[in-house]
Amino acid sequence: RRPSAEMAPGECMKINTDFSLRVCLSHHELPWLDSPASGVCRRLLERDGTEVARATSVVRYQAGTRFPRHVHDLGEEILVLDGVFSDEQGDHRAGTYLKNPPGSAHAPSSADGCTLLVKLRHLDPGDREPVRVDMLSGTWLPGLVKGLEVLPLSSFRTTHTALVRWAPGTVFRPHRHYGGEEIFVIDGIFEDEHGRYPAGNWIRSPHLSTHTPFSTEGCTIFVKTGHLLTS
């Protein structure tokens, strides 16, 4: 189901909830929907629920926006795509990844505005480690093939999250995704045998899916694996 221009209060939305299916879309083609907080709107990539929902969204804060303090009972992950996102822990510039574990709370804001990739209620209840990683100051490690650099973000049981930087012309070997794979293209163009994915594309591949990724022009992607074992 594609979201409409509005989300009715209390409406239960089912968007891309079948984890056995491959999904690929560009958030730039989706409508902005208002959230309950004034000045905050979102594009819904996947959603299962009402305002309390397992969800992946691109979220935009207008300048001067403040969101009420709230608790994340099943956690939250944030990747700052542009601008500066703020909460009680400080100011988080573009390229910062935040993991707020289950049971954590904060009152987010943005003085000058920002855009975020946000994942809600995807964390294991036992994953209690808060994480903050800045891609501009973090330690990038060599990848498994020449031309790849990896910045690990978080790991818990079968789930692994990282940023991966591809030099132009890099080709990775064919591989299978145990527990599935989710990719958000931050910059450049990511590719595989199924297509080309410019910045803003979101690709979710199911458990035991396979592909052979590469990048002709180079790119940076957010990658999460191993979290799609159950629907």
Side-chain angles (χ1 to χ4, degrees), residues 3 7 13-19 21-27 30 32-33 35 37 40-61 67 70-82 85 87 89 92 94-106 108 114-133 135 151-164 177 179-186 199-207 220-231:
M7 180 174 173
M13 301 193 80
K14 297 276 189 180
I15 302 170
N16 296 324
T17 56
D18 186 347
F19 293 164
L21 299 178
R22 182 178 185 270
V23 181
C24 176
L25 54 85
S26 169
H27 84 82
L30 300 177
W32 287 109
L33 305 179
S35 81
V40 179
C41 56
R42 57 213 173 174
R43 287 171 166 162
L44 308 181
L45 305 178
E46 64 173 353
R47 192 172 187 88
D48 189 359
T50 57
E51 274 308 315
V52 178
R54 177 179 173 126
T56 302
S57 311
V58 174
V59 179
R60 185 173 64 190
Y61 279 58
F67 207 97
H70 54 280
V71 176
H72 297 295
D73 56 345
L74 285 177
E76 175 187 52
E77 293 173 280
I78 294 171
L79 179 65
V80 184
L81 301 175
D82 64 50
F85 172 75
D87 61 13
Q89 305 305 313
H92 314 294
T96 301
Y97 167 82
L98 303 167
K99 184 177 77 173
N100 298 316
S104 61
H106 68 165
C114 64
T115 308
L116 317 170
L117 176 68
V118 180
K119 294 187 65 63
L120 294 171
R121 301 176 67 84
H122 282 263
L123 297 179
D124 188 293
D127 186 357
R128 295 288 175 168
E129 180 185 9
V131 175
R132 180 184 185 275
V133 179
M135 67 182 292
L151 179 60
L153 300 176
S154 176
S155 290
F156 186 80
R157 296 178 179 164
T158 65
T159 301
H160 305 281
T161 307
L163 296 177
V164 182
H177 303 127
E181 179 187 60
E182 182 178 345
I183 289 172
F184 186 87
V185 184
I186 299 170
N201 269 253
W202 177 72
I203 309 110
R204 193 186 68 200
S205 301
H207 175 52
T220 306
I221 60 175
F222 170 86
V223 182
K224 191 175 181 71
T225 61
H227 61 305
L228 301 174
L229 288 171
T230 62
S231 57

Let me see the working for Ser104 and His72 under side chain to side chain donor-acceptor pair (under 3.5 Å), right down to the final yes or no. CA-CA 6 Å; Ser104 61; His72 297 295; 5.7 Å; no

Apply side chain to side chain contact (heavy atoms under 4.5 Å, CB included) to residues Tyr97 and Ile78 and explain how you reach the verdict. CA-CA 6 Å; Tyr97 167 82; Ile78 294 171; over 6 Å; no

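In this structure, CG on Leu25 lies 9.5 Å from CD on Glu46, to the nearest 0.5 angstrom. To the nearest 0.5 angstrom, Phe222 atom CZ is 10.0 Å from Leu81 atom CG. Taking CG of Leu123 as the start and NE2 of His227 as the end, the distance is 10.0 Å to the nearest 0.5 Å. Here the straight-line distance linking atom CG of Leu120 with atom CZ of Arg47 works out to 7.5 Å at 0.5 Å rounding.
Judged by the 6.0 Å distance and 45° axis criteria, Arg42 is not positioned over the aromatic ring of Trp32.
Under the 4.0 Å criterion applied to side-chain N and carboxylate O atoms, Glu77 and Lys224 are assigned as salt-bridge partners. Contact check on Asp127 versus Arg157 returns no salt bridge, with no Lys/Arg side-chain nitrogen under 4.0 Å from an Asp/Glu carboxylate oxygen.
You'll find the side chain of Cys114 reaches within 4.5 Å of the side chain of Phe85, heavy atoms only. A 4.5 Å side-chain heavy-atom check between Phe184 and Ile203 finds every atom pair outside the cut-off. Considering only heavy atoms from C-beta on, Met13 stays 4.5 Å or farther from Thr50 through its side chain. Proximity of Ile221 to Ile186: side-chain heavy atoms (C-beta onward) are nowhere separated by under 4.5 Å.
For Ser155 and His160, the side-chain atoms include at least one donor-acceptor pair closer than 3.5 Å. The closest side-chain donor-acceptor pair between Asp48 and Thr17, if any, does not fall under 3.5 angstrom. The closest side-chain donor-acceptor pair between His92 and Asp87 falls under 3.5 angstrom.
Across all non-hydrogen atoms, the minimal contact from Pro102 to Asp73 is CB-O, 3.3 Å. Across all non-hydrogen atoms, the minimal contact from Arg204 to Asn16 is NH1-O, 2.7 Å. Residues His207 and Gly179 share a closest heavy-atom pair of ND1-N, 2.8 Å. Scanning both residues, Pro125 and Leu74, for their nearest heavy atoms gives CG-CD2, 4.0 Å. Between Tyr61 and Pro108, the shortest heavy-atom distance links the atoms OH-CG, 3.5 Å.
Side-chain atoms of Thr158 come within 3.5 Å of backbone N or O of Gly226 as a donor-acceptor pair. For Ser57 (side chain) and Val59 (main-chain N/O), no donor-acceptor pair under 3.5 Å exists by modelled atom type. Here the side chain of Arg43 pairs a donor or acceptor atom with the backbone of Leu30 at under 3.5 angstrom. With Asn100 contributing its side chain and Gly75 its backbone, the two residues share no donor-acceptor pair below 3.5 Å.
The only member of His122, Lys119, His177 that meets side-chain hydrogen bond (donor to acceptor under 3.5 Å, both in side chains) when paired with Glu182 is Lys119.
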